Colleague: 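This is the structure I have questions about; it appears just below.
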Amino acid sequence: MGELDGIDPGLHPAYRLCRSLNARHGKTYFLATRLLPASRRAGVHALYGFARMVDDVVDVGADLSVTPTDRAAAHSLDMLETRVRAALEGGAPGHSESDLVLRALADTTARYDIPHDYHYAFLHSMRMDIPGTAVFRSRYRTMSELSEYMYGSAAVIGLQMLPILGTTGSLDDAVAPARALGEAFQLTNFIRDMGEDLDRDRIYLPIDELEAFGVDEDLLRYCRGTGGTDTRLVRALAHLVAHTRAVYRTAEPGIAMLDPVARPAIRTAFVLYADILREVEEGGYRVLDERAVVSRRRRLAVAIPQLVVAGWASVQSHRAGSRQSRAA
């Protein structure tokens with residue numbers, strides 16, 4: 001079965017565009033998607049394509065004063081939300097690239113009965129990244145404050161994925177682990193990208209968590225500027241890595257709740273994202289000086305065995321379906 005089998009041929013260009021965006025920009029994400037059954041991939045590509053489109057809209061600079069660029073980004077996001085709401089309510093988008101992404105998003109949302117509020121929560125968190133909006137934040141005092149941002153920017157991604165991946169039992173039982181997995185991935189990104197975020201005058205890791213180890217903004221900027229590190233920063237990051245690993249542990253039982261054919265893809269993403277934390281540790285927590293990267297060799301070493309598992313699960317699923325058809 002192909003990725004687009006069963007989908008209206010008129011929507012094929014929209015889904016192909018989303019797939020190309022995923023392949024171009026989401027290396028680990030795209031690799032994990034390849035482990036899904038072909039019939040599940042298009043929906044995942046649509047969600048990624050939408051997230052990528054929104055990310056491009058809110059990609060503003062480092063100046064926290066409200067600039068014309070910020071005002072343009074805020075206006076563009078407002079306009080995009082209007083278009084998203086119209087598309088989800090049955091309106092017919094045009095034929096631009098962004099319209100094609102919205103076509104794929106609306107079709108995926110309808111086919112898998114994804115709550116619309118998840119998309120709106122995502123847009124709310126993206127609005128929190130744009131200076132001048134009423135909800136803009138460049139710093140987060142506590143982990144609780146950060147959770148509001150992560151709900152829309154990360155947790156809902158896992159929740160959107162659940163109906164596409166499928167579960168063996170109640171979907172409700174898998175909600176908490178799916179939400180935790182999205183947050184674990186996001187916290188991993190915040191640790192890995194700390195230096196780049198600081199260049200944009202953003203500090204996503206909670207200020208209270210850093211200050212508990214004697215780390216303030218001056219120290220962060222000093223380490224970023226000199227390429228050095230500091231024992232206080234190392235201890236703070238070690239603490240945050242340990243916290244993030246605890247979130248991964250909360251999320252991990254959810255993998256077994258998924259449809260067996262979907263588990264290899266999520267297991268691969270789970271392992272490779274967690275490996276970023278290992279790279280941070282082995283690199284001496286130098287996230288302000290260098291970006292932790294999981295090697296291509298390691299990515300393949302994780303993905304290839306899971307590809308075998310995915311193939312076996314697909315065969316078993318096909319056999320079970322054939323037996324049920326004969327019994328009927």
Side-chain angles (χ1 to χ4, degrees), residues 1-7 11-53 55 100-101 104-105 107-109 111-112 114 154 157-168 174 177-178 181-182 184-186 188-189 192 248 251-252 254-276 279 293-319 321:
M1 186 175 185
E3 290 186 9
L4 300 179
D5 287 357
I7 294 175
L11 291 169
H12 287 190
Y15 278 106
R16 289 193 188 102
L17 173 61
C18 292
R19 185 186 188 281
S20 70
L21 291 171
N22 194 352
R24 193 182 319 145
H25 300 289
K27 294 178 181 177
T28 297
Y29 194 87
F30 184 71
L31 178 62
T33 303
R34 295 293 296 162
L35 297 175
L36 287 172
S39 61
R40 314 278 178 97
R41 295 174 196 162
V44 177
H45 293 321
L47 294 179
Y48 183 90
F50 174 61
R52 184 71 205 183
M53 180 173 71
D55 190 59
L100 289 176
V101 171
L105 177 73
D107 181 66
T108 293
T109 301
R111 284 194 296 121
Y112 292 102
I114 298 171
I157 305 302
L159 298 178
Q160 290 168 351
M161 290 279 288
L162 269 183
I164 299 174
L165 300 176
T167 58
T168 56
L181 187 59
F185 287 170
Q186 182 73 292
T188 300
N189 287 337
R192 179 195 62 192
Y248 275 107
E252 188 169 17
I255 298 176
M257 299 178 187
L258 298 175
D259 186 328
V261 298
R263 292 173 194 166
I266 304 307
R267 173 63 64 182
T268 297
F270 181 96
V271 171
L272 291 179
Y273 255 87
D275 273 358
I276 294 173
E279 294 290 339
V293 176
V294 178
S295 70
R296 183 173 183 273
R297 181 177 179 179
R298 171 60 178 166
R299 293 201 303 270
L300 291 175
V302 172
I304 289 174
Q306 291 298 325
L307 182 61
V308 174
V309 174
W312 177 248
S314 181
V315 168
Q316 293 297 97
S317 177
H318 178 73
R319 287 177 177 171

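Only a predicted model underlies this, so the values are computations on that prediction, with no experimental measurement involved.
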Colleague: Supply the atom-to-atom distance T268 OG1 to L35 CG, rounded to the nearest 0.5 angstrom.
Modeller: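 Separation between the atoms: 4.5 Å.
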Colleague: What is the minimum heavy-atom distance between P177 and G254, and which atoms define it?
Modeller: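 Closest pair (atom of P177, atom of G254, distance): CB-CA, 3.5 Å.
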Colleague: Which atom pair, heavy atoms only, marks the closest approach of T167 to A174?
Modeller: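 Scanning both residues, the minimum pair turns out to be CG2-CB, 4.0 Å.
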Colleague: With rounding to the nearest 0.5 Å, note down the distance linking CG in L258 to CZ in R263.
Modeller: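 Taking CG in L258 and CZ in R263, the distance rounds to 7.0 Å.
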Colleague: Sequence neighbours excluded, which residues qualify as salt bridge (charged side-chain N to carboxylate O under 4.0 Å, His left out) partners of E252?
Modeller: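 E252: salt bridge (charged side-chain N to carboxylate O under 4.0 Å, His left out) contacts with R267.
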Colleague: Just do the side-chain contact (heavy atoms from CB on, under 4.5 Å) check on F30 and H45 with the steps written out, would you?
Modeller: CA-CA 8 Å; F30 184 71; H45 293 321; 3.8 Å; yes
Colleague: Output the distance between atom CE (M257) and atom CG (L165), rounded to the nearest 0.5 Å.
Modeller: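 So the CE of M257 and the CG of L165 are separated by 13.5 Å.
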Colleague: Nearest 0.5 Å, please: how far is CZ in F185 from CD1 in I157?
Modeller: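 These two atoms lie 11.5 Å from each other.
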Colleague: Return the set of residues passing side-chain contact (heavy atoms from CB on, under 4.5 Å) with A274 (not counting sequence neighbours), or none when no residue passes.
Modeller: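 Partners of A274 under the side-chain contact (heavy atoms from CB on, under 4.5 Å) test: Y248.
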Colleague: Which residues satisfy the side-chain hydrogen bond (donor to acceptor under 3.5 Å, both in side chains) test with D55, sequence neighbours excluded?
Modeller: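 None.
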Colleague: Determine whether M161 and V44 satisfy the following criterion, side-chain contact (heavy atoms from CB on, under 4.5 Å), listing intermediate values before the conclusion.
Modeller: CA-CA 7 Å; M161 290 279 288; V44 177; 3.9 Å; yes
Colleague: Which residues satisfy the side-chain contact (heavy atoms from CB on, under 4.5 Å) test with P163, sequence neighbours excluded?
Modeller: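 Only Y112, I114 meet the side-chain contact (heavy atoms from CB on, under 4.5 Å) criterion with P163.
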Colleague: Taking only residues two or more places apart in sequence or in another chain, which ones pass salt bridge (charged side-chain N to carboxylate O under 4.0 Å, His left out) with R40?
Modeller: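 Partners of R40 by the salt bridge (charged side-chain N to carboxylate O under 4.0 Å, His left out) criterion, ordered by chain and then number, come out as D259.
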Colleague: So which atom in Y273 and which in N189 form the shortest heavy-atom distance, rounded to 0.1 Å?
Modeller: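 It is CE2-OD1, 3.3 Å.
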Colleague: Tell me whether R41 contacts the main-chain N or O of L36 through its side chain, where contact means a donor paired with an acceptor under 3.5 Å.
Modeller: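 Between the backbone of L36 and the side chain of R41 there is a qualifying donor-acceptor contact (under 3.5 Å).
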Colleague: Could you list the donor-acceptor pairs under 3.5 angstrom formed by side chains in residues 11-19, with sequence neighbours left out?
Modeller:
residue, atom, partner, partner atom, Å
H12, NE2, L4, O, 3.3
H12, NE2, I7, O, 3.0
Y15, OH, A104, O, 3.4
Y15, OH, D107, OD2, 2.6
Y15, OH, T108, N, 3.4
Y15, OH, T108, OG1, 2.9
Y15, OH, R111, NH2, 3.2

Colleague: So I266 and L181, side-chain contact (heavy atoms from CB on, under 4.5 Å) or not? Walk me through it.
Modeller: CA-CA 10 Å; I266 304 307; L181 187 59; 3.7 Å; yes
Colleague: Run L47 and L105 through side-chain contact (heavy atoms from CB on, under 4.5 Å) and show every step you take.
Modeller: CA-CA 6 Å; L47 294 179; L105 177 73; 4.0 Å; yes
